[in-house]
Amino acid sequence: MTIPEAIRNNQDQILTRWKERVFEEIPEARRQEKSAIENSVPCWLEALTALLENADDKQIVFNSQEHALDRSRFQIYSLKHIVREYNLLKHEIFKVTDQNGGVDPHNRNLIMYAIDLSIEEAAETFYRIKQGVQVNARSVAEQKADAMQLQDDNREQFIRSITHDLNNPLINIKGCISLLEEGPDVNETAKILKMLKTCTEQAESLIKNFLDVSEVNPTEKLPVRKELVKIMEELENEVAVYKLAYRNQIDIQCANSDLEAALDIGLFRRAFNNLMNNAIKHGAKAPIEVHCSAKNDVLAISVINQGRTIPAAEMEHIFNRYYKIEDGSRGWGIGLAFVKEVAHAHGGEVKVKSNEEEGTRFIFRIPIN
């Protein structure tokens with residue numbers, strides 16, 4: 001059996017042992033989902049076999065940068081943790097090769113080269129992302145805090161929360177740019193560009209949501225510019241992006257695939273994205289369902305997640321501006337408040353139902369015409 005075959009045939013064993021050691025030796029990793037820790041490592045192992053068979057290190061570079069992009073989303077991760085992960089992976093790879101007759105000097109050097117190259121690429125990507133994002137996101141939050149005349153503890157709490165919310169799309173944007181700079185092939189470029197467009201729209205949506213919700217008088221409504229929209233087509237387009245960016249299982253069910261409604265497409269997309277972001281954030285990595293239907297000339301869009309149920313006392317306030325659920329998650333209570341503003345601007349409403357049996361369902365209703 002060749003070395004690439006040994007690695008390929010024992011990939012599951014390598015991954016299982018590696019994850020066990022990561023959780024054992026890197027306490028910060030225990031706060032993350034197992035799937036989040038694994039992320040691009042299976043692809044990296046495939047890239048390693050390609051290097052051993054074809055002397056092609058392009059995929060090694062790509063996957064190590066993607067690994068750094070994933071790790072940059074972890075608030076408590078550092079370069080030291082990334083380096084430790086790769087060293088643990090190296091140990092498990094050599095354990096498998098030793099169990100299968102050992103590895104010759106040439107292939108051992110290639111494996112060491114792959115690990116060293118990955119550490120260099122991942123470290124550079126991680127550093128560039130972290131350095132740029134932390135400054136930019138906090139600057140935006142500080143400017144808005146000044147405009148709102150927030151003081152002392154409220155000001156700092158606001159800045160930290162908005163900085164955290166802006167970090168994710170900004171980190172993804174910078175990470176995608178770093179990947180593009182390496183000259184990936186056509187298929188990879190298309191995937192990265194789609195992710196980049198999504199992340200840019202998410203950052204733009206977050207900023208717009210905040211500005212709209214904080215500056216519109218509660219007695220006023222958002223301005224609406226209606227057009228006829230094919231609902232199923234719009235939902236499928238938006239959900240496709242979430243599947244790509246977050247790798248969640250998302251199921252769409254629509255009673256009428258030809259359903260059309262007159263609405264402001266920009267506001268509708270932003271409201272739907274807020275409901276999706278909320279489901280992904282609180283959904284415990286479980287599948288998400290999106291339902292759409294029409295009854296009595298009213299369009300109903302439901303987004304359902306299987307995360308922690310919302311207590312009845314909190315459901316009364318969840319759509320209020322700046323209200324935050326006391327579950328330890330970060331945020332400034334902007335997204336759901338904006339969804340309510342959009343629904344009211346269209347003459348509709350948004351409701352929430354939450355129980356252990358059916359999960360948490362947000363229902364967005366607006367008139368069709």
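What you see is a predicted model, and the numbers here were worked out from it, not measured in a lab.
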**Prompt:** For the hydrophobic clusters of this structure (ILVMFWY residues joined by side-chain heavy atoms under 4.5 Å, transitively), does one cluster hold both Met232 and Ile366?
**Reply:** yes
**Fill in**
Between Gly102 and Ile3, the two heavy atoms sitting closest are O-CD1, 3.4 Å
**Asked** Nearest 0.5 Å, what's the OG1-CD distance between Thr16 and Gln11?
**Response** 10.0 Å
**Message:** For Val350 versus Ala343, what's the shortest heavy-atom pair and its separation?
**Reply:** N-CB, 4.2 Å
**Prompt:** Which heavy-atom pair separates Leu336 from Phe319 by the least distance, and what is that distance?
**Reply:** O-CD2, 3.5 Å
**Asked** Taking a hydrophobic cluster as the set of Ile, Leu, Val, Met, Phe, Trp and Tyr residues connected by side-chain heavy atoms closer than 4.5 Å, whether directly or through intermediates, do Leu15 and Ile26 fall within one such cluster?
**Response** yes
**Item:** Minimum side-chain heavy-atom gap Leu45-Ile93 below 4.5 Å
**Value:** yes
**Request:** Taking Asn305 for its side chain and Gly307 for its backbone only, find out whether a donor-acceptor pair lies under 3.5 Å.
**Result:** yes
**Asked** Who are the ring pair (Phe, Tyr, Trp, His ring centres under 6.0 Å) partners of His81, not counting sequence neighbours?
**Response** Tyr77
**Asked** Should Glu92 and Arg21 be marked as a side chain to side chain contact (heavy atoms under 4.5 Å, CB included) after you check the CA-CA gap, both sets of side-chain angles, and the distance that decides it?
**Response** CA-CA 9 Å; Glu92 295 306 324; Arg21 294 199 62 186; 3.0 Å; yes
**Request:** Taking Asn278 for its side chain and Asn274 for its backbone only, find out whether a donor-acceptor pair lies under 3.5 Å.
**Result:** no
**Item:** salt bridge (Lys or Arg N to Asp or Glu O under 4.0 Å) partners for Lys80, two or more places apart
**Value:** none
Indicate every side-chain donor-acceptor pair of residues 295-304 with a distance under 3.5 Å to a residue at least two apart or in another chain.
none

**Item:** Results of side-chain hydrogen bond (donor to acceptor under 3.5 Å, both in side chains) for Thr309 - residues two or more places apart only
**Value:** none
**Gap separating the CD atom of Glu227 from the CD1 atom of Ile265, nearest 0.5 angstrom** = 6.0 Å
**Message:** Test of understanding: with side-chain hydrogen bond (donor to acceptor under 3.5 Å, both in side chains), list the residues that count as partners of His344, not counting sequence neighbours.
**Reply:** none
**Request:** Would you mind reporting whether Glu234 and Phe272 have side-chain heavy atoms less than 4.5 Å apart?
**Result:** no
**Asked** Applying the 4.5 Å side-chain criterion to the ILVMFWY set and letting contacts propagate, would Ile363 and Ile310 be lumped into a single cluster?
**Response** no
**Request:** Could you pull out the closest heavy-atom pair between Arg308 and Thr360, with the gap in Å?
**Result:** O-OG1, 3.8 Å
**Message:** Checking Lys353 against Glu358 for the salt bridge (Lys or Arg N to Asp or Glu O under 4.0 Å) test, could you report, in this order, the C-alpha distance in whole Å, the side-chain angles of both residues, the deciding distance, and whether it holds?
**Reply:** CA-CA 9 Å; Lys353 298 179 181 179; Glu358 299 179 355; over 6 Å; no
**Message:** Restricting to ring pair (Phe, Tyr, Trp, His ring centres under 6.0 Å), what partner residues turn up for His346, sequence neighbours left out?
**Reply:** none
**Asked** Which residue pairs pass the side chain to side chain donor-acceptor pair (under 3.5 Å) test with at least one member in residues 258-267, sequence neighbours excluded?
**Response** Lys230-Glu260
**Request:** Only counting residues at least two apart or in another chain, list the ones meeting side-chain hydrogen bond (donor to acceptor under 3.5 Å, both in side chains) with Gln253.
**Result:** Asp251
**Message:** Are Leu110 and Leu48 connected into the same hydrophobic cluster when the rule is that any two of I, L, V, M, F, W, Y join if their side-chain heavy atoms are below 4.5 Å apart?
**Reply:** yes
**Prompt:** Roughly how far, to the nearest 0.5 Å, is CD of Glu53 from CD1 of Ile7?
**Reply:** 9.5 Å
**Item:** Stepwise side chain to side chain contact (heavy atoms under 4.5 Å, CB included) check, Phe362 with Val339
**Value:** CA-CA 10 Å; Phe362 285 88; Val339 174; over 6 Å; no
**Item:** Spatial distance of atom CD1 (Ile368) from atom CG (Leu259) [nearest 0.5 Å]
**Value:** 5.5 Å
**Asked** Between the main-chain N or O of Glu24 and the side-chain N or O of Arg30, is there a donor-acceptor pair closer than 3.5 Å?
**Response** yes
**Request:** Please list, chain by chain and in numerical order, all residues satisfying salt bridge (Lys or Arg N to Asp or Glu O under 4.0 Å) with Lys226, sequence neighbours excluded.
**Result:** none
**Prompt:** Heavy-atom distance under 4.5 Å between the side chains of Leu235 and Cys254, does that happen here?
**Reply:** no
**Prompt:** Under the salt bridge (Lys or Arg N to Asp or Glu O under 4.0 Å) test, which residues partner Arg365, sequence neighbours left out?
**Reply:** Glu349
**Asked** Are any of the side-chain heavy atoms of Asn100 and Asn10 separated by less than 4.5 Å?
**Response** yes
**Request:** Enter the distance from Arg84:CZ to Ile119:CD1 here, rounded to the nearest 0.5 Å.
**Result:** 10.5 Å
**salt bridge (Lys or Arg N to Asp or Glu O under 4.0 Å) against Asp98, all qualifying residues, sequence neighbours excluded** = Arg108
**Request:** Just jot down the side-chain contact (heavy atoms from CB on, under 4.5 Å) partners of Ala255, sequence neighbours excluded, or say none.
**Result:** Ser293
**Prompt:** Once you round to the nearest 0.5 Å, how far does CZ of Arg225 lie from CG of Leu267?
**Reply:** 8.5 Å
**Request:** Evaluate the side chain to side chain contact (heavy atoms under 4.5 Å, CB included) criterion for residues Phe268 and Val224: first the C-alpha distance (whole Å), next the side-chain angles of each, then the deciding distance (0.1 Å), finally the verdict.
**Result:** CA-CA 10 Å; Phe268 176 77; Val224 174; over 6 Å; no
**Asked** Which atom pair, heavy atoms only, marks the closest approach of Val96 to Ala6?
**Response** CG1-O, 3.8 Å
**Asked** Which heavy atom of Ser64 sits nearest a heavy atom of Ala122, and at what distance?
**Response** O-CB, 3.6 Å
**Request:** Give a yes or no on whether the backbone of Glu46 and the side-chain of Thr49 come within a donor-acceptor separation of less than 3.5 Å.
**Result:** yes
**Request:** Give the intermediate values and the outcome of side chain to side chain contact (heavy atoms under 4.5 Å, CB included) for residues Trp44 and Glu66.
**Result:** CA-CA 10 Å; Trp44 187 93; Glu66 192 173 63; over 6 Å; no
**Prompt:** Can any side-chain N or O of Trp18 pair as donor or acceptor with the backbone N or O of Glu85 at less than 3.5 Å?
**Reply:** yes
**Asked** Between Ser354 and Met315, is any pair of side-chain heavy atoms under 4.5 Å apart?
**Response** yes
